[in-house]
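In what follows, a structure is listed as structure tokens, so that the remarks can point back to it.
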Amino acid sequence: MMWRNIARFSKASGRTGGSRRCLSTAIPGPCIVHKRGSDILHDPWFNKDTGFPLTERDRLGLRGLLPPRIISFEQQYDRFIESFRSLERNTLGQPDNVVSLAKWRILNRLHDRNETLYYRVLIDNIKDFAPIIYTPTVGLVCQNYSGLYRRPRGMYFSAKDKGEMMSMIYNWPAHQVDMIVITDGSRILGLGDLGVQGIGIPIGKLDMYVAAAGINPQRVLPIMLDVGTNNQKLLQNPLYLGLRQPRLEGDEYLEIIDEFMEAAFTRWPKAVVQFEDFQAKWAFGTLDRYRKKFCMFNDDVQGTAGVALAGLLGTVRAQGRPLSDFVNQKIVVVGAGSAGLGVTKTAVQAVARMAGISFAEATKNFYLIDKDGLVTTERSKLDPAVVPFAKNPAEIREGASIVEVVKTVRPHVLLGLSGVGGIFNEEVLKAMRESDSCKPAIFAMSNPTLNAECTAADAFKHAGENIVFGSGSPFENVQLENGNVGHVNQANNMYLFPGIGLGTLLSGARIVTDGMLLAAAECLASYMTDEEVQKGILYPSINNIRHITAEVGAAVLRAAVSDDIVEGHGDVGPRDLSHMSKEETVDYITRNMWFPIYSPLVHEK
Ligand SMILES: NC(=O)c1ccc[n+]([C@@H]2O[C@H](COP(=O)([O-])OP(=O)(O)OC[C@H]3O[C@@H](n4cnc5c(N)ncnc54)[C@H](O)[C@@H]3O)[C@@H](O)[C@H]2O)c1
Ligand SMILES: O=C(O)C[C@H](O)C(=O)O
Ligand SMILES: [Mg+2]
């Protein structure tokens, strides 16, 4: 029996409010539907396939539209898992890409047909399925999206829709939307500009929101903002599904995104918007533009920064040193884009706070490398965002290579967010053997797998078996020659963004503050025990993603209360939130996580 014990979440109730309320209590409350007959069978939100009981078949006009035998949810679940395992057996030995896409297709078909069953198999098998619906396979899906396309998911707002967005937003069928993930497709993972094909990323991120944060799937909205693409291959592809024009720039670009934000928040003033995979200039530009006005955050800049900070603090603990020693860690960051700069800035702020020194003083132990090598003050046309981290060329020369910097600095941590696969080559990794740390840390955080700065196996082989290792996409643990296991951490923002979104939503915070983001990072950093951290395990297993998300969500909510920006959620007002203890907050968050079980459907005209 593959069915998992759901006791832990069986008391979780659906969120309140909205006209399509589906409660997921142990004895599930009814769910109101406004359609009947085959319209229900074709609606993945309500469809139960052969699982409709006889009474519902009568009530909803389904008699005769389904085979007579009623199959239980458990049987449907087992049947799906069996077909998935049989696909695995039948594709043994085939190229990885072929197998991954075949797995994605079978999951996607279920997603399109029956969301309750889809999310149940996803939640119960998150370790196996996250690499398919999220990184790395989601990257492959985006690359092949125009060919894989069968039916729409989410909404598309294009440059041609200027002036129409306020009415278009009402085309979305759900009355309530809680979480929106938006991309303009300009920097999809480390794969560059994929134009409209980038829609796969908001879809995958929102799948994680449902799986990890228990956001009701009826209340999520993936958004593709199609402002053109500069990807010539796509522009020349006759099957490309996006606008065939170069990307809008400057004010023309901003007018489109401004219009979308106004439209979205006019219809759903309580929604939380996550920006995802925007090229650096627009990632920072839009964050500055909207973060004080709308309830939004940028996952690549802010979510990644928190996950990386938790990892960096974990490496200090892994060395058996007190956290205060973080101020002495020498950290080389390779990649000075939206993610690399977000991480560096947050880590420097943490050092400044801990040591009681200025931000400028706290940059001393940080070294930033971009495509032109080490960033120093000598560089002509220095990007204003990197100025604070530019080194004095008297220390190391302008443009020094990664290996040169590693050999000179002997850093405690080498962290990659460059999008360039294999850039931590044998020479670089071997140079890390001379690190000043007894447990050097290597984070190859770029996605998807082929874009990781190095593989886990190479890191342990060349940099030494005593390292701590993290990667953005999953790798198998490594069997070391000394008989131990080299643990692979998935240093991915998936450990934070679901909790940031959920805590923000359930607090009714007006905006996402630095305090909320810091609380999320600190919660993750303190989640693992000393014993685990000393084994090199910095983040929880993805199997515990709902638990860590509830904790992170609670930390975010409590920080929002401290910042005095909460308006409450549903029947729970700001005063109720402020009176909750830490445990009560975690309980409140957990009770509000949606959990997939079939609710009785009741028809209402
Ligand atoms: N693990 C995670 O949670 C996570 C989160 C966000 C981003 N990422 C990954 O990080 C990567 C970068 O994302 P981004 O948004 O910062 O992209 P970006 O395009 O904004 O930045 C890339 C940076 O890498 C630098 N770079 C390019 N080639 C280089 C080279 N040969 N040597 C050194 N530096 C080089 C560029 O100069 C630039 O500063 C992507 O692969 C993305 O998938 C991972
Ligand atoms: O999508 C991911 O897996 C992490 C991150 O947001 C990225 O852009 O790579
Ligand atoms: Mg991203």
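Start at 1 and go down the list; that is how both ligands and their atoms are numbered. This chain uses plain numbering: 1 for the first residue, then up along the sequence.
Close approach to Leu189 involves these atoms of ligand 2, each under 4.0 Å from a residue heavy atom: 1 (O), 2 (C), 7 (C), 8 (O), 9 (O). Near Lys205, meaning under 4.0 Å from any of its heavy atoms, are these atoms of ligand 2: 1 (O), 2 (C), 4 (C), 5 (C), 6 (O). Distances below 4.0 Å separate heavy atoms of Thr135 from the following atoms of ligand 2: 3 (O). Taking a cut-off of under 4.0 Å to the non-hydrogen atoms of Asn492, the atoms of ligand 2 that pass are 2 (C), 3 (O), 4 (C). Each of the atoms 33 (C) of ligand 1 lies under 4.0 Å from some heavy atom of Val334. Taking a cut-off of under 4.0 Å to the non-hydrogen atoms of Tyr134, the atoms of ligand 2 that pass are 1 (O), 2 (C), 3 (O), 4 (C). In the vicinity of Asp300, heavy-atom distances shorter than 4.0 Å reach the ligand 1 atoms 6 (C). Interface of Gly472 with ligand 1, defined as ligand atoms under 4.0 Å from a residue heavy atom, comprises 1 (N). Ligand 2 places these atoms under 4.0 Å from at least one heavy atom of Asp300: 5 (C), 6 (O), 7 (C), 8 (O). Heavy-atom proximity to Gly190, at under 4.0 Å, picks out these atoms of ligand 1: 40 (C), 41 (O), 43 (O). The contact set between ligand 2 and Asn447, taken as ligand atoms under 4.0 Å from a residue heavy atom, comprises 2 (C), 3 (O), 4 (C), 5 (C), 7 (C), 9 (O). In summary, the atoms of ligand 1 found under 4.0 Å from a heavy atom of Gly335, numbered by their order in the structure, are 23 (C), 24 (O), 25 (C), 39 (O).
Counting heavy-atom neighbours within 6.0 Å of Glu249 CD, excluding the residue itself, gives a total above 12. Environment of CD1 in Ile396: crowded, with over 12 heavy atoms of neighbouring residues, nucleotides or ligands closer than 6.0 Å. The number of heavy atoms from other shown groups lying within 6.0 Å of CG (Asp436) is above 12.
Between Ala491 and ligand 1, an N or O atom pair is found at a separation short of 3.5 Å. Here's the thing with Ile423: none of its N/O atoms is less than 3.5 angstrom from an N/O atom of ligand 1. Considering backbone and side-chain N/O atoms, Ala336 comes within less than 3.5 Å of an N/O atom of ligand 1. When only interatomic distances are considered, the shortest N/O to N/O separation between Asn451 and ligand 1 does not fall below 3.5 Å. Looking at ligand 1, you won't find any N or O of Thr304 less than 3.5 Å from one of its N or O atoms. In terms of polar-atom proximity, defined here as any N/O pair under 3.5 Å, Met445 does make such a contact with ligand 1.
A donor-acceptor pair under 3.5 Å links the side-chain atoms of Gln319 to the main chain of Thr315, judged by distance alone. Under the 3.5 Å distance criterion, the side-chain polar atoms of His412 are matched with a main-chain donor or acceptor of Lys330. In this structure, the side chain of Asp300 does not engage the main chain of Ala339 through any donor-acceptor pair within 3.5 Å. Remark: side-chain polar atoms of Glu453 are paired, donor with acceptor, to backbone N or O of Ser446 under 3.5 angstrom.
No other N/O/S atom of Glu276 lies as close to the Mg ion (ligand 3) as OE2 does. Its N, O or S atom nearest to the Mg ion (ligand 3) is what matters here, and for Asp277 that atom is OD1. Within Asp300, the N/O/S atom positioned nearest the Mg ion (ligand 3) carries the name OD1.
When only non-hydrogen protein atoms are considered, atom 21 (O) of ligand 1 lies nearest to Gly337 CA, 3.2 Å. Nearest to atom 33 (C) of ligand 1 among the protein's heavy atoms is Asp370 O, 3.2 Å. Of the protein's non-hydrogen atoms, Asn493 N, 2.8 Å is the one closest to atom 3 (O) of ligand 1. Among protein heavy atoms, the minimum distance from atom 15 (O) of ligand 1 is reached at Ser338 OG, 2.5 Å. Among all non-hydrogen protein atoms, the one lying nearest atom 11 (C) of ligand 1 is Ser446 OG, 3.5 Å. For atom 16 (O) of ligand 1, the nearest protein heavy atom (residue, atom name, distance) is Ala339 N, 2.9 Å. Among all non-hydrogen protein atoms, the one lying nearest atom 22 (C) of ligand 1 is Ser418 O, 3.9 Å. Among all protein heavy atoms, the one lying closest to atom 12 (C) of ligand 1 is Leu417 O, 3.4 Å.
The shortest heavy-atom distance from Asn492 to ligand 1 is under 4.0 Å.
Using a 4.0 Å cut-off between heavy atoms, Thr304 makes no contact with ligand 2 at all.
Within the set Val420, Asn447, Asp299, the minimum heavy-atom distance to atom 28 (N) of ligand 1 is found for Val420. The heavy atom nearest to atom 14 (P) of ligand 1, out of those in Glu276, Lys371, Arg187, is found in Arg187.
Between Tyr119 and Asp207, the side chains place a donor N or O and an acceptor N or O closer than 3.5 Å (distance only, hydrogens not considered).
Relative orientation of the Tyr253 and Trp282 rings is parallel, given thresholds of 30° and 60° on the angle between their planes.
Distance check for Asp299 against the Mg ion (ligand 3): none of its N/O/S atoms falls below 2.8 Å.
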